[in-house]
Amino acid sequence: MSHLEALGRVSFDLGVFAQVARQKLRRTFVHLLLLVTIATASTTVWAMLKLRDAVRWLEPHLDEIPTITIRNGEASADVDQPWVKRLGDDGHGHEVVAIIDTTGERQGFEPNEIGVFLKKHELLVKQVEEERVIPLSRFPDTTVGPDIVRGWIKEAMRRAPFYIGGSAFLWYLFAKSMQALLLVLAALIGARRMRFGQLFTVGVYALTPAVLLGAALPFVKLHVPAFWLLYVVIGVVYAIAGARRADLPPPPPADTVAPL
């Protein structure tokens with residue numbers, strides 16, 4: 001049975017567990033890598049779609065960016081200051097802003113504001129729960145304008161799939177391996193005569209329905225609250241049921257000739 005066939009059958013045919021429980025561990029690791037790849041692809045595509053939406057939202061504002069020059073750790077801009085660009089609401093009651101004031105007239109953000117604030121010698125970055133101060137002395141001498149920002153965005157979008165995909169793959173490889181190991185404990189409930197390698201195989205294949213559901217969910221208009229809990233329940237149920245099925249003794253061979 002191929003790994004793709006197992007992907008399609010394991011969700012509704014517990015007999016798959018009886019077939020794979022006694023396979024070599026290298027086939028189990030291949031199936032684990034397949035699950036990791038599916039989760040990675042889903043996350044990468046979803047993240048890129050969100051990034052493209054963000055770029056489309058940002059595009060009309062790029063021409064309004066003034067030309068900013070940083071020399072020897074000091075910033076200057078060809079615009080009347082304080083310059084404040086309001087970019088909208090974040091959906092949680094905070095206004096997203098971009099501010100330039102190298103004159104010192106304005107010292108910081110308003111309480112309900114988040115975003116970036118360029119001062120003469122530092123850059124303030126405020127998020128909902130954190131505000132960072134970055135000295136401009138860390139930046140090389142540069143000039144930033146609309147065309148340069150567009151170039152940065154284009155280059156970042158070209159590299160983003162590789163960075164996102166690589167990070168997601170490493171994370172899911174660790175996470176799914178740990179989840180499969182934890183499902184060994186659930187598989188023990190349904191089995192008594194199986195070795196650890198067989199139980200690990202059951203744990204890996206028990207992840208399949210939850211991983212497929214998790215990979216599809218970001219692309220459908222359906223909100224599942226506390227999906228992580230549903231994910232755990234699906235894995236545990238399939239691990240117990242799959243181990244119970246795999247632990248059954250094989251049926252006796254049928255007689256080829258009926259007795260007279």
Same cluster (ILVMFWY, side-chain, under 4.5 Å), [X] and [Y]:
| X | Y | answer |
| --- | --- | --- |
| V211 | V204 | yes |
| F219 | V224 | no |
| F109 | V96 | no |
| L35 | L33 | yes |
| V232 | L207 | yes |

Should the ring pair [X] and [Y] be called parallel, tilted or perpendicular, given that the plane angle runs from 0 to 90° and is split at 30 and 60?
| X | Y | result |
| --- | --- | --- |
| F29 | F200 | tilted |
| F227 | Y231 | perpendicular |
| Y205 | F17 | perpendicular |

Trace of the salt bridge (charged side-chain N to carboxylate O under 4.0 Å, His left out) decision for E59 with R56
CA-CA 5 Å; E59 179 64 31; R56 282 195 291 268; over 6 Å; no
Heavy-atom closest contact ([X] atom, [Y] atom, distance):
| X | Y | value |
| --- | --- | --- |
| I164 | A47 | CD1-CB, 3.9 Å |
| A160 | L51 | CB-CD1, 4.1 Å |
| L136 | E74 | CD1-C, 4.4 Å |
| A39 | K176 | CB-CE, 4.3 Å |
| A206 | A239 | CB-N, 3.5 Å |
| L183 | V236 | CD2-N, 3.8 Å |

Can you find a heavy atom in the side chain of [X] that is under 4.5 Å from one in the side chain of [Y]?
| X | Y | answer |
| --- | --- | --- |
| R132 | L124 | no |
| V97 | V116 | no |
| D247 | M194 | yes |
| R244 | I240 | yes |
| P82 | I100 | no |
| I68 | T142 | no |
| E110 | E95 | no |
| R71 | T69 | yes |

Mind running side chain to side chain contact (heavy atoms under 4.5 Å, CB included) on L123 and V125 for me, showing each step along the way?
CA-CA 7 Å; L123 177 68; V125 180; 4.2 Å; yes
Looking at [X] and [Y], would you say the former's side chain and the latter's main chain have a donor-acceptor pair under 3.5 Å?
| X | Y | value |
| --- | --- | --- |
| E122 | K119 | no |
| D101 | Q81 | no |
| R195 | G197 | no |

To the nearest 0.5 angstrom, please state how far the [atom1] atom of [X] sits from the [atom2] atom of [Y].
| X | Y | atom1 | atom2 | value |
| --- | --- | --- | --- | --- |
| L32 | L25 | CG | CG | 11.0 Å |
| T28 | Q198 | OG1 | CD | 10.0 Å |
| W171 | L173 | CH2 | CG | 11.5 Å |
| L188 | L199 | CG | CG | 5.0 Å |
| Q19 | L14 | CD | CG | 11.5 Å |
| L49 | D53 | CG | CG | 7.0 Å |

Going by atom types only, do [X] and [Y] share a side-chain donor-acceptor pair under 3.5 Å?
| X | Y | result |
| --- | --- | --- |
| H94 | E113 | no |
| Y172 | T43 | yes |
| T201 | Q23 | no |
| H121 | T102 | no |

Around [X], counting heavy atoms of other residues, nucleotides and ligands shown, do more than 12 lie under 6.0 Å from its [atom1]?
| X | atom1 | answer |
| --- | --- | --- |
| D80 | CG | no |
| W83 | CH2 | yes |
| W57 | CH2 | yes |

Please lay out, stage by stage, how R158 and E155 fare under the test side chain to side chain contact (heavy atoms under 4.5 Å, CB included).
CA-CA 5 Å; R158 185 180 69 81; E155 181 65 16; 2.6 Å; yes
Side chain to side chain contact (heavy atoms under 4.5 Å, CB included) between R150 and D63: does it pass, once the steps are laid out?
CA-CA 10 Å; R150 283 191 176 91; D63 287 330; 2.9 Å; yes
Carefully, step by step, assess V149 and V144 under the rule side chain to side chain contact (heavy atoms under 4.5 Å, CB included).
CA-CA 7 Å; V149 172; V144 179; 3.7 Å; yes
